[in-house]
**Q** 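This is the structure I want to talk about, given as structure tokens.
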Amino acid sequence: MNSVTVNTLKQYVEQEVELKGWLYNRRGSGKLLFLQFRDGTGTVQVVLSKKDVPEEVFEAAKRIGIESSIVVRGKVSKDERSALGVELHGTDLRVIQEVHDYPIQITEDVPNIDKLLDLRHLWVRSKRPHAILRVRSEVVQAIRDFYYQRGFVLYDAPIFTPASCEGVSTLFELPYFEETAYLTQSGQLYGETGAMAFGKVVVFGPTFRAEKSKTRRHLTEFWMVEPEVAFLELDGIMDLAEEQIRYVVQRALENCKEELKELERDTSVLEQISKPFPRIHYEEAQSVLQKLKDDFSRSSDPELQKLSGDILKNGLGDDLGAADETAIGLHYKQCVCIHHYPREVKAFYMKADPTGKYAMGVDVIAPEGVGEIVGGGQREDSLEVLEAQIKKHNIPPETVSWYVDLRKYGSVPHGGFGMGVERCVQWITGCTHVREAIPFPRTIYRLNP
RNA sequence: UCCUCGGUAGCUCAAUGGUAGAGCAUCCGACUGUUAAUCGGCAGGUUGCUGGUUCGAGUCCAGCCCGAGGAGCCA
């Protein structure tokens, strides 16, 4: 008897097989039972006829509740009525554990996300989280393949870090023997050391932000991929980000068809990814946004009118707001690179453009309300300018002396970016909450399970 | 930190200031082709907490607790 998995069942038509897994749902009648069986690789319908199995097996199958663990045997047969194309005509069923009070209903879904997140350790068995987390797995593998194929060296940055470079307010602090440590909020500065050592490196790991954000787009713990490359300037950084996003989305479209179908994801926007990303200078973005603000204010759609009111709220010389990103996404229906943000609003390590007014940074805005999925740019490579910036941002010089060393010993133009894995998965799957894009989300009010 | 909304059965939600109710799930039963099966039945409640107004509060008022969405900040 072959012990097989649901995803390979089609290879065993007309053969006797054994499946090990759990009861997902059951419909039935007095003499015929339809068991929806899942084993992690998929679900299949097991048809159990009273005349084909011993009396006690049929009675057990009638009695057991959702998520009872079972081993079933039977003959695989083609059936057009099944979504899988095959079903199993059961000849035997063995109950490993009988369950009667599984706390999640098959009909339960996203509206009561807080309840379901309390049960996340069980909810991951359900179809929707299952599909989203499989897409995440594919996205992560695609990211690793992309950089490996291009000769990047995987370069892990530490999670415990000493005093912050970008202000302590958004860092998690913890005792570290006789001193204080912080959980990393970016591996970038360490990535730069790797770029000078290996040329092309990629940092990939969890990052932590103690921001008190309560939105669909924020987690306190999330995974970030951060490539960093020596001799790469702003245009090249945008090329890299664009290629990487395109590769990841195409891998998901190719290898996660079933999952995206299960999620009822309209993939038409994702398919636009093959076109070049518009690249817009901050000043141009301002005029585009002004035009969108005017257009939306004349719209008959109340949503757009409301959005119009929030566009360009921050004013010239300031960062773009959430409404601005939403409007850009609506307008282009594609990922958009916005570069040359005002230097004042960006971090100390960003390289200034020749005017001194703008930073040679770039954000990639994903459409459909997900917002910024990538932030990065060219780093300041001049020792004098960097030291001036450190002073200007009131950063204690001793905390960044190792970083400044990189500008003393063979400084070159270089740069990179960071992409949030969960936001990328959120966009690809179309899930409303970024919390659904990671097995166990951490937010300001959630540490369990 | 600020703004808005919410908290009633396991879940989703009703209930002019006047006997707390329905659907789904659980449990019991019927059904030989069901696709979130269907049908019948039983059971299920400290209405988030504390206080107040009232003959009477799930409902009105005050404070608190918890949650959601958003702003800011960010990926």
**Q** With pairs defined as Watson-Crick or G-U wobble and both distances under 3.5 angstrom, please note down RNA chain B as a dot-bracket string, | for pairing with another strand.
**A** (((((((..((((....[..))))..((((.......))))......(((((..]....))))))))))))....

**Q** Indicate whether OP1 or OP2 belonging to B/G69 is found under 4.0 Å from a side-chain N or O atom of A/Arg435.
**A**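 For A/Arg435, the contact criterion (side-chain N or O under 4.0 Å from OP1 or OP2 of B/G69) is met.
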
**Q** Looking at residues at least two apart in the chain, or sitting in another chain, which of them share a salt bridge (Lys or Arg N to Asp or Glu O under 4.0 Å) with A/Glu325?
**A**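 Scan of A/Glu325 (salt bridge (Lys or Arg N to Asp or Glu O under 4.0 Å), adjacent residues dropped) gives none.
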
**Q** Is the distance between the ring centroids of A/Phe440 and A/His121 under 6.0 Å?
**A**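 No; A/Phe440 has its ring centre 6.0 Å or more from that of A/His121.
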
**Q** Look at the side chain of A/Arg73 and the backbone N and O of A/Asp92, then say whether any donor-acceptor pair between them is shorter than 3.5 Å.
**A**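 Pair absent, no side-chain N/O of A/Arg73 close to backbone of A/Asp92.
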
**Q** Can you tell me if A/Phe34 is stacked onto the base of B/G33, using a 5.5 Å centroid cut-off and an angle below 30°?
**A**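 By the stated criterion, A/Phe34 and B/G33 do not stack.
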
**Q** Can you find an N or O donor on one side and an acceptor on the other, under 3.5 Å apart, linking the side chain of A/Ser213 with the base of B/C73?
**A**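 Flag set: donor-acceptor pair detected.
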
**Q** Between the side chain of A/Arg442 and the main-chain N/O of A/Thr220, is any donor-acceptor distance below 3.5 Å?
**A**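 Not confirmed, A/Arg442 side chain does not pair with A/Thr220 backbone.
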
**Q** Which nucleotide in the set B/U32, B/G69, B/A75 lies at the smallest distance from any side-chain heavy atom of A/Lys31?
**A**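 Comparing B/U32, B/G69, B/A75 against the side chain of A/Lys31, the answer is B/U32.
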
**Q** Select one nucleotide: of B/G33, B/C73, B/A75, the one nearest the side-chain heavy atoms of A/Leu32.
**A**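 Nucleotide nearest to A/Leu32's side chain: B/G33.
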
**Q** Would you call A/Arg279 and A/Glu242 a salt bridge, taking side-chain N to carboxylate O under 4.0 Å as the test?
**A**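 Judged by the 4.0 Å cut-off on N to carboxylate O distance, A/Arg279 and A/Glu242 do form a salt bridge.
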
**Q** With the side chain of A/Lys214 defined as its heavy atoms from C-beta on, choose the nearest nucleotide among B/G33, B/G69, B/G72.
**A**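 Of the candidates, B/G69 comes closest.
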
**Q** Closest to the A/Arg209 side chain: B/A71, B/A75, B/A68?
**A**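 The answer is B/A75.
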
**Q** Side-chain N or O of A/Arg27 less than 4.0 angstrom from OP1 or OP2 on B/A37?
**A**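 So the side chain of A/Arg27 is within the cut-off, an N or O lying under 4.0 Å from OP1 or OP2 of B/A37.
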
**Q** Using whole Å, what does the distance between atom P of nucleotide B/A25 and atom CD of A/Glu67 come to?
**A**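 Going from A/Glu67 (CD) to B/A25 (P), I get 16 Å.
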
**Q** Restricting to nitrogen or oxygen on both sides, can you table the protein-nucleotides 27-29 of chain B pairs closer than 3.5 Å?
**A**
unit_1 : atom_1 : unit_2   : atom_2 : d
B/C27  : OP1    : A/His100 : ND1    : 2.8

**Q** Contact class for A/Asn25 vs. all strands (heavy atom < 4.0 Å): base, sugar-phosphate, or nothing?
**A**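 Sugar-phosphate: the residue A/Asn25, judged by heavy atoms under 4.0 Å, touches backbone atoms but no base.
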
**Q** Taking only side-chain nitrogens and oxygens of A/Arg216, does any of them come within less than 4.0 Å of OP1 or OP2 of B/G70?
**A**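 A/Arg216 to B/G70 OP1/OP2: side-chain N or O found under 4.0 Å.
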
**Q** Give a yes or no on whether the backbone of A/Thr215 and the side-chain of A/Ser213 come within a donor-acceptor separation of less than 3.5 Å.
**A**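 A pair under 3.5 Å: no.
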
**Q** Give me the atom names and distance for the closest heavy-atom approach of A/Leu48 to A/Gly90.
**A**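 Minimum heavy-atom separation between A/Leu48 and A/Gly90: CD1-CA, 3.6 Å.
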
